J.: 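First the structure, which I've put down as structure tokens, then a few questions once you've had a look.
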Amino acid sequence: MISLSSSSPSPLSLLKSCKTIRTLEQIHAQIIRKGSEQDHVLISEFISICNSLYPNKITYAGTVFDRVLQPNIYLWNTLIKGYSTYSSFATCFGFFRRMKQSCVCADKYTFPSIIKACSSVVALKEGRVVHGLIVKCGLEDDVFVGSSLVDFYGKCGQVFNARKVFDEMFVRNEVTWTSMIVGYSSTGDYLEAKKLFDEMPERNVASWNAMINGFVKSGDLVGAKLLFDEMPEKNMVSFGTMIDGYAKSGNMASAHALFDQSPEKDIVSWSAMISGYAQNGQPKEAVKMFNDMLSRNVKPDEYVMVSLMSACSQTGDWELAKWVDSYLSESSIDLGQHHVTAALVDMHAKCGNLDRAAAFFDKMPTRDLVSYCSMIQGLSVHGHAVQAIALFRKMLAEGLTPDDAAFTIILSACSHVDLVDEGCHFFEIMVNEYSIAPSTDHYACKVSLLGRAGRLREAYDILKEMPMEPHAGAWGGLLWACRIHGDVALGKEVADRLIKIEPQNPANYVLLSDIYAASNQWSDVHHVRNLMSEKGIRKLCGRSWI
DNA sequence: TTAGGGTTAG
């Protein structure tokens with residue numbers, strides 16, 4: 001227990017060396033016991049430490065503040081800064097109002113924080129009111145106040161007003177210039193951003209990073225890398241920005257090289273790598289990276305977990321899905337966030353854990369097309385196509401507009417359970433009600449649907465008449481139907497076509513040979529097998545076009 | 001008078 005007796009260190013120095021919330025609570029108890037709750041300097045330091053150690057526990061500082069009878073401007077400012085970044089805007093703005101009501105005048109230290117709070121939620125209306133107050137107080141010439149306004153207008157998409165404030169400032173520093181560059185960059189005006197960057201008298205690492213990010217966002221990774229190499233000092237943000245830029249453009253080799261080079265690897269850099277691998281169809285690499293991250297004691301956050309779930313969906317790793325689920329429920333990650341729940345639904349649906357997927361799906365306050373499709377596809381591929389179709393109908397009834405991917409999923413569901421009429425109906429409404437031009441995949445689904453129902457000629461006609469070249473999968477669906485229904489003549493025709501497209505795929509030969517075998521045409525079977533060995537094609541165990 | 005402010009990456 002910490003003692004605040006006269007021989008002990010002063011409460012202020014105790015606060016300054018405080019590292020944990022437990023110690024902070026002990027100091028708080030001592031402050032109360034010593035009757036120091038009205039000591040402005042002490043309470044101001046307390047709020048400041050609380051904010052820097054545990055920004056998400058700023059309400060604790062708020063309760064300590066509320067015990068102060070007549071808080072001075074220092075206390076108000078410290079509190080408002082604490083709330084400006086991490087808490088709800090309404091609470092922060094509420095404190096600002098209370099401060100004015102208690103007849104404490106906002107000063108040049110108050111405005112940057114309250115403007116920052118406005119920027120963080122794009123509260124344009126409130127920010128304009130505060131700007132008016134700033135002018136009224138004659139504080140617009142302060143470089144901190146002015147910079148916060150430039151940043152505010154830029155973040156609210158009002159780059160013209162940002163520039164107006166910028167141009168009217170007498171003194172500007174790196175922060176002012178950087179805020180302006182970010183403003184241009186966020187509206188896509190990269191040329192103007194670069195012009196300012198070249199003009200600015202002095203730059204700091206944030207200025208360089210902002211410009212590199214501008215290049216990355218404009219898609220110019222070469223330009224970004226040139227700046228990155230040129231900058232005098234790099235920090236984690238510099239590396240993180242470049243790594244993410246490479247990862248998003250699919251260049252995982254460059255991303256990985258830079259990741260290996262970066263002296264410190266924080267959660268954003270790990271996240272960029274994991275997400276990059278997951279998005280570029282290398283889910284196993286993503287999982288490997290995640291395990292590597294855990295082994296270095298980096299705590300995953302929601303971004304990382306969402307990427308990991310995407311990787312898990314792709315591999316269908318049921319065990320990993322269960323681990324992720326239990327990890328998330330024990331973590332402090334907010335499961336109420338839509339993208340986290342959507343990822344959970346998708347992961348469980350793809351891994352075949354349908355009850356769990358449905359539990360999350362049902363809990364969602366609003367269900368969008370993506371989550372509906374995750375659920376519908378999960379049901380369809382795991383043997384519940386009828387429920388999948390019912391859910392698709394429910395989705396339509398809710399007024400959601402399906403896209404081409406949604407129709408691929410539902411057509412495929414219909415073909416799984418031979419619901420030919422339903423499938424044809426969905427194909428028809430896709431074209432006529434939703435004005436979606438059928439893709440090769442849509443045609444392939446319809447071919448498979450008709451083919452499996454024995455309507456082989458109709459299916460064949462679709463393949464011949466569709467406006468684009470059918471892919472091998474579409475022909476494969478029909479060949480499979482010929483095998484089921486024993487249509488030797490059509491089977492041969494289709495196999496000939498398929499073999500032209502995919503001469504090295506053993507499945508095409510095997511299926512044709514099976515068709516001959518089923519009708520006892522053994523010399524043809526023999527012929528196909530000879531053809532295979534002439535071409536050096538070996539029969540594989542388990543065959544599929546999917 | 002011992003304390004308080006604005007910029008950069010997923």
Side-chain angles (χ1 to χ4, degrees), chain A residues 10-13 15-16 39-49 51 71-82 84-85 104 106-120 134 139 142-152 154-155 162 165 169 171-183 185-186 197 200 203-214 216-217 224 228 231 234-248 255 258 262 266-276 278-279 300-307 339:
Chain A
S10 76
L12 255 180
S13 60
L15 267 174
K16 279 176 180 154
D39 183 332
H40 288 177
V41 177
L42 200 55
I43 301 301
S44 175
E45 187 64 23
F46 184 91
I47 295 168
S48 184
I49 295 291
N51 183 36
N72 66 5
I73 185 73
Y74 287 92
L75 263 174
W76 282 111
N77 288 344
T78 314
L79 186 77
I80 288 170
K81 176 192 152 67
S84 70
T85 334
V104 175
D107 66 3
K108 63 175 183 175
Y109 290 91
T110 323
F111 287 120
S113 299
I114 196 72
I115 286 291
K116 182 181 174 178
C118 296
S119 314
S120 67
I134 290 168
L139 288 170
D142 180 82
V143 68
F144 281 82
V145 176
S147 301
S148 71
L149 284 171
V150 172
D151 175 64
F152 163 73
K155 292 232 164 77
V165 175
M169 285 170 74
V171 181
R172 302 179 196 102
N173 63 14
E174 295 96 316
V175 179
T176 328
W177 286 84
T178 305
S179 300
M180 199 60 241
I181 288 169
V182 171
S185 206
S186 63
F197 181 75
M200 67 190 289
R203 299 164 186 153
N204 62 18
V205 67
S207 327
W208 284 90
N209 290 341
M211 197 61 244
I212 289 171
N213 191 37
V216 167
K217 279 196 286 195
F228 178 84
M231 70 190 293
K234 300 168 183 52
N235 63 9
M236 281 192 302
V237 179
S238 327
F239 278 95
T241 306
M242 274 314 299
I243 292 168
D244 193 57
Y246 280 131
K248 281 216 170 63
L258 215 52
S262 60
D266 69 348
I267 187 73
V268 181
S269 300
W270 283 104
S271 171
M273 292 303 297
I274 294 166
S275 145
Q279 300 308 312
D301 66 2
E302 91 234 39
Y303 291 92
V304 168
M305 294 311 286
V306 167
S307 297
H339 64 292

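Values in this document were obtained by computation on a predicted structure and should not be read as measured data.
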J.: By the 4.0 Å heavy-atom rule, please label A:M236 as base, sugar-phosphate, or nothing.
T.: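 The residue A:M236 makes base contact.
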
J.: Counting the atoms with a prime plus P, OP1 and OP2 as sugar-phosphate, which does A:V143 contact under 4.0 Å by heavy atoms, base, sugar-phosphate, or nothing?
T.: base

J.: What is the nucleic acid contact for A:K108, judged by heavy atoms within less than 4.0 Å: base, sugar-phosphate only, or nothing?
T.: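 The residue A:K108 makes base contact.
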
J.: Using ring centroids (six-membered ring only for Trp), state whether A:W208 and A:F197 fall under 6.0 Å.
T.: yes

J.: How many angstroms lie between SG in A:C118 and CG in A:D151, if you round to the nearest 0.5 Å?
T.: 11.0 Å

J.: With heavy atoms of chain A within less than 4.0 Å as the criterion, where does contact along DNA chain B begin and end?
T.: B:dT2 to B:dG10

J.: Students often get this wrong, so: under 4.0 angstrom with heavy atoms, is A:S307 touching a base, only sugar-phosphate, or nothing?
T.: nothing

J.: Taking only residues two or more places apart in sequence, or in another chain, which ones meet A:T78 in a side-chain hydrogen bond (donor to acceptor under 3.5 Å, both in side chains)?
T.: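 Only A:S44 meet the side-chain hydrogen bond (donor to acceptor under 3.5 Å, both in side chains) criterion with A:T78.
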
J.: List the steps and the verdict of side chain to side chain donor-acceptor pair (under 3.5 Å) for A:N51 and A:S48.
T.: CA-CA 5 Å; A:N51 183 36; A:S48 184; over 6 Å; no

J.: Using a 4.0 Å heavy-atom cut-off across all strands, classify A:K155 as base, sugar-phosphate, or nothing.
T.: sugar-phosphate

J.: Base, sugar-phosphate, or nothing: which does A:V41 touch, judged by heavy atoms less than 4.0 Å apart?
T.: base

J.: At under 4.0 Å between heavy atoms, what does A:V205 touch on the DNA or RNA strands: base, sugar-phosphate, or nothing?
T.: base

J.: Which residues satisfy the side chain to side chain contact (heavy atoms under 4.5 Å, CB included) test with A:A224, sequence neighbours excluded?
T.: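 Partners of A:A224 under the side chain to side chain contact (heavy atoms under 4.5 Å, CB included) test: A:I212, A:F215, A:V216, A:M242.
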
J.: Counting the atoms with a prime plus P, OP1 and OP2 as sugar-phosphate, which does A:I73 contact under 4.0 Å by heavy atoms, base, sugar-phosphate, or nothing?
T.: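 Since a base atom lies under 4.0 Å of A:I73, the category is base.
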
J.: side-chain contact (heavy atoms from CB on, under 4.5 Å) with A:E45: which of A:L42, A:I47, A:V41, A:I49?
T.: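 Per the side-chain contact (heavy atoms from CB on, under 4.5 Å) rule, the option paired with A:E45 is A:I49, out of A:L42, A:I47, A:V41, A:I49.
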
J.: Base, sugar-phosphate alone, or nothing: which one does A:S275 contact when heavy atoms must sit under 4.0 Å apart?
T.: nothing

J.: Under 4.0 Å, counting only non-hydrogen atoms across every strand here, what does A:L149 touch: a base, just sugar-phosphate, or nothing?
T.: nothing

